2 protein chains.
Amino acid sequence: MGRDGKPTRDKILTESKALVLDNGFSGTSIDQILERTSITKGAFFYHFKSKNDLALALIQEHAREDKAEMDRALEKTEFFRDDPLKRLLQFVQEFIDTMSSLQKPYPGCLYASFIYEAQNFSQEINNYICDSISIWRDTLKILLHDVLREYDTRLDVDIESLADLFKVIFEGAFIVSKALDEPDVIAKQLIHLKNYFELVFESKK
Amino acid sequence: MGRDGKPTRDKILTESKALVLDNGFSGTSIDQILERTSITKGAFFYHFKSKNDLALALIQEHAREDKAEMDRALEKTEFFRDDPLKRLLQFVQEFIDTMSSLQKPYPGCLYASFIYEAQNFSQEINNYICDSISIWRDTLKILLHDVLREYDTRLDVDIESLADLFKVIFEGAFIVSKALDEPDVIAKQLIHLKNYFELVFESKK
DNA sequence: AATTATACAGACTAGTTGGTATGTTTAAAT
DNA sequence: ATTTAAACATACCAACTAGTCTGTATAATT
């Protein structure tokens with residue numbers, strides 16, 4: 001009954017995400033999206049009942065991919081579970097590897113883009129962003145507490161904010177990388193995060 | 001000849017900056033600005049020949065204040081010039097102090113806001129942002145090289161990216177702070193930067 | 001007091017915006 | 001072959017957008 005709409009919907013999401021990261025959500029018109037996807041208004045409003053509905057779908061999709069990347073890195077580092085610090089360091093290294101082969105600056109993060117025009121969005125969307133970033137905090141907190149069971153810290157550190165530091169550096173690096181048009185900023189900043197982890201923890205005597 | 005227009009112009013800049021940080025630049029209409037400032041279209045377009053002209057003025061003004069804060073912190077830490085590490089740490093501490101008394105999340109940074117809709121702006125504006133962030137890099141590089149003359153590093157660090165880390169953490173902390181609606185994120189993240197500086201440098205033997 | 005340039009007020013416009021209404025095509029199920 | 005619902009296409013609209021135009025108030029200068 002009718003043809004398959006998923007490719008169209010996916011195309012809309014992919015192209016509009018790219019447009020939003022360049023122009024902002026308010027700065028991206030539906031007509032622009034239609035041009036990039038070579039579809040028409042009828043098709044667009046068949047898949048999304050409003051522009052705000054597209055925003056919600058964009059964030060949900062981004063949150064899905066975001067969490068998937070986190071889980072992938074978690075799985076790949078399970079091998080080091082016996083040494084929680086090694087695991088933590090390798091966890092960061094996974095993202096260094098991903099980010100060190102960029103030719104152009106990373107297009108950026110939808111969370112950040114949306115946060116800087118948060119008043120245009122429904123509370124539902126803003127909650128979604130809040131929850132998604134909290135997941136990183138909670139996950140990193142677990143990894144850090146595992147480390148603390150076997151390591152001391154060379155100075156007093158607040159673990160919750162140390163968990164946040166991961167996303168903080170990512171988001172900040174995106175912005176500086178885009179501003180300076182230097183793709184390698186992101187990987188280089190993540191190396192400093194890894195350095196900090198290496199320096200702040202020491203084996204219990 | 002005619003009355004003083006500076007208060008009006010300043011009011012436009014102040015209110016539109018606040019609006020832009022909440023709604024994005026494209027998401028902020030001139031009518032919104034008129035409502036917030038209680039002026040009329042005639043007054044607005046007397047002071048700014050176009051909306052893009054306002055964008056340029058906003059960035060220039062923000063860059064001015066941004067640099068002023070940096071210079072203020074530099075001056076306040078000149079006292080520690082004999083110990084470059086102490087000076088660097090105190091430099092960071094100055095911003096920790098400023099950011100630790102926030103009741104609401106810091107409204108954010110115009111550079112970041114603009115970067116996420118960069119395609120809507122002229123090259124002149126984007127260059128302005130690039131130059132402004134480069135100033136932080138260059139200034140921190142000087143402070144760091146001063147440190148390196150009297151200290152060793154506990155592990156290999158790239159100085160240029162270490163200089164960038166300052167703005168990276170600031171920008172990232174703004175976003176996470178806004179997303180989670182937690183004002184204290186910024187100061188806490190800056191403390192980690194200070195920690196990192198403390199840990200990475202050690203006195204030459 | 002008259003002049004003059006500055007600083008603003010407010011009605012107006014052409015183009016763009018998100019969104020709708022109605023019709024048409026597609027392809028699986030009967 | 002016919003039906004049927006999903007997947008589009010296209011013309012259209014009201015509201016909003018940035019920007020203009022013409023007129024008026026203000027205050028220092030002559």
Side-chain angles (χ1 to χ4, degrees), chain A residues 1-20 22-59 61 110 113-114 117-122 124-125, chain B residues 1-20 22-59 61 113-114 116-122 124-125:
Chain A
M1 342 168 150
R3 57 194 204 252
D4 185 20
K6 191 160 182 301
T8 304
R9 192 188 140 93
D10 287 348
K11 203 177 178 188
I12 295 175
L13 286 173
T14 306
E15 296 302 321
S16 55
K17 178 173 182 175
L19 281 168
V20 167
D22 280 345
N23 308 312
F25 187 78
S26 300
T28 302
S29 71
I30 293 174
D31 283 344
Q32 271 179 277
I33 297 171
L34 302 186
E35 204 175 0
R36 277 273 283 255
T37 52
S38 305
I39 63 166
T40 60
K41 218 153 235 193
F44 180 89
F45 281 100
Y46 173 78
H47 288 287
F48 304 98
K49 70 170 189 282
S50 69
K51 202 191 176 190
N52 192 73
D53 190 43
L54 170 68
L56 181 60
L58 278 172
I59 277 294
E61 180 72 9
L110 270 190
S113 173
F114 277 36
E117 44 181 321
Q119 293 301 315
N120 297 328
F121 300 117
S122 61
E124 185 185 6
I125 289 180
Chain B
M1 338 159 155
R3 57 191 204 255
D4 185 18
K6 192 162 181 302
T8 304
R9 192 189 140 92
D10 287 347
K11 203 176 180 189
I12 294 174
L13 286 174
T14 305
E15 296 301 322
S16 55
K17 178 173 182 175
L19 280 169
V20 166
D22 280 344
N23 308 314
F25 187 78
S26 300
T28 302
S29 71
I30 293 174
D31 284 343
Q32 271 180 277
I33 297 171
L34 303 185
E35 203 175 2
R36 277 273 284 256
T37 51
S38 305
I39 62 163
T40 60
K41 215 149 237 193
F44 179 89
F45 281 100
Y46 173 77
H47 289 286
F48 304 96
K49 70 170 190 281
S50 69
K51 202 191 174 189
N52 192 71
D53 191 44
L54 170 68
L56 180 60
L58 278 172
I59 277 293
E61 180 72 9
S113 173
F114 276 36
Y116 270 105
E117 44 181 321
Q119 293 300 315
N120 296 328
F121 301 117
S122 61
E124 185 185 8
I125 289 179

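These numbers come from a predicted model, not from an experiment. Protein chains get the first letters and strands the later ones, always in sequence-line order, with residue 1 at the start of each.
Here D:dA6 presents its P atom at 15 Å from CZ of A:R9, a figure rounded to the nearest Å. Whole-Å rounding puts the A:K6 NZ to D:dA6 C1' distance at 16 Å. Atom-to-atom, CZ of A:F48 to P of D:dA7 comes out at 12 Å; the value is rounded to the nearest Å. The interatomic distance linking A:Y46 (OH) with D:dA5 (P) rounds to 12 Å, in whole Å. Residue A:L34 contributes atom CG, which lies 13 Å from atom P of D:dC8 at whole-angstrom precision. Summarising the geometry, the separation between CG on B:D4 and C1' on D:dA25 is reported as 15 Å, rounded to the nearest angstrom. Atoms CG (A:N120) and P (D:dC16) sit 15 Å apart, rounded to a whole Å.
Contact between the side-chain N/O atoms of B:H47 and the OP1/OP2 oxygens of C:dT6 is not found at any separation under 4.0 Å. Considering only side-chain N and O atoms, A:T8 lies under 4.0 angstrom from the phosphate OP1 or OP2 of D:dC8.
Side chains of A:S26 and A:E117: a donor on one and an acceptor on the other come within 3.5 Å.
In terms of heavy atoms, B:N120 sits closest to A:N23 at ND2-O, 2.8 Å. Heavy atoms only, all atoms of each residue included: B:S113 and B:G24 are closest at OG-CA, 4.4 Å.
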Self-check item: Summary of protein contacts for nucleotides 17-22 of chain D, nucleotide by nucleotide, where a base hit scores B, a sugar-phosphate-only hit scores S (4.0 Å, heavy atoms)
Solution: SBBB--
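B:Y116 has its ring centre no less than 6.0 Å from the ring centre of A:F114.
Remark: the backbone N or O of A:L34 is not paired with any side-chain donor or acceptor of A:K41 at under 3.5 angstrom. In this structure, B:Q32 contributes its side chain and B:S29 its backbone to a donor-acceptor pair below 3.5 Å.
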